[in-house]
Amino acid sequence: MLRRCLPGIAVLPLMIAAGCSQTIQANTKNTAVFPPTPAVAAAAAPATVEPVAYQSKDAERYAAVDDGGYSLPAIDVSKVDPKFLRQLVDDPTGEPAGSIVVDTRQNFLYLVQPNGKAMRYGVGLGKQGHAWKGRAIVQWKRKWPTWTPPAAMIRRDQKLEKWRQGMQPGVSNPLGARALYIFKDGKDTLYRIHGSPQWRSIGKSASAGCVRMFNQDVIDLYGRVSGKAPLLVM
């Protein structure tokens, strides 16, 4: 089951949604849950992730950056649990190279690499996000996307009326610097993997549904994902 993801705002649960986008109606059919592979199921079991020390490269990776005419602020890595910082790890998923796997138990996103490795990123998940399970694909992706709240969201919060036609891209936009758009059975799920200006939410279940990343990390992920990457949320 998917839940509507409306950055930073609590919403009513829906069958398929993610109010990161509003332009295409969600498909409420064909929402069967796909069981993970044995390797993925094993990876989903509670496990202790060993802490790692901060390194100078961490500060460099999360430094301020100018991108597409926008200036992203630096992230204070000293205030982030090191396990949620971007790092190359042994692949625990068993999925093919190029696959994206979101581990909702540990708030990790893996981009599977060749030779048994994976790039691991910390993510923030929706409070209802642990109900999202299954397979889909990254149909397309966008730099500095526009965010438009769905009409139902505007009805619940009239302060969002000014964004009915869309919030322009920028450092305060809820979708951040990049967005990856998730489709299932040829339909837009309205579910997104995206950057977030609220970097303190990474590693927590604090948003209303979508998978949030540090802006510096979603830029990195965007550059590594090519074609219609398969996605597994477990």
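Note that this is a predicted model, so its numbers are computed, not measured.
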Residues in ring pair (Phe, Tyr, Trp, His ring centres under 6.0 Å) contact with Y121, at least two apart in sequence or another chain:
none
Aromatic contact between Y191 and F183, with the criterion being ring centroids under 6.0 Å apart: yes or no?
no
Checking the side chain of D103 only, and the main-chain atoms of R105 only, is there a donor and an acceptor separated by less than 3.5 Å?
yes
Residues which pass salt bridge (Lys or Arg N to Asp or Glu O under 4.0 Å) with R142, listed by chain and number, not counting sequence neighbours:
none
dist I182:CD1 -> L231:CG (nearest 0.5 Å) comes out at 5.0 Å
Side chain to side chain donor-acceptor pair (under 3.5 Å) involving D67 - partner list, sequence neighbours excluded
W144, R178
Say whether, by atom type as modelled, one donor and one acceptor occur between the side chain of N107 and the main chain of K204 under 3.5 angstrom.
yes
Hey, does the side chain of Q87 reach the backbone of L85 with a donor-acceptor pair shorter than 3.5 angstrom?
yes
Can a donor-acceptor pair be found, under 3.5 Å and without considering hydrogens, that links the side chain of T104 to the backbone of M234?
yes
Which residues satisfy the ring pair (Phe, Tyr, Trp, His ring centres under 6.0 Å) test with Y62, sequence neighbours excluded?
F214
Under the 3.5 angstrom rule, does the side chain of D91 hit a backbone N or O of V112 as a donor-acceptor pair?
no
Apply side chain to side chain contact (heavy atoms under 4.5 Å, CB included) to L232 and E95, showing your working.
CA-CA 9 Å; L232 170 64; E95 293 293 301; 4.0 Å; yes
Does a sphere of radius 6.0 Å around CD in Q165 hold more than 12 heavy atoms from other residues, nucleotides or ligands, not counting ones at 6.0 Å or beyond?
no
Can you list the residues that meet the side chain to side chain donor-acceptor pair (under 3.5 Å) rule with E161, with sequence neighbours excluded?
R164
Would you find a donor on one side and an acceptor on the other, under 3.5 Å apart, between the side chain of R120 and the backbone of K83?
yes
Would you please name every residue forming a side chain to side chain donor-acceptor pair (under 3.5 Å) with R86, sequence neighbours left out?
D217, D220
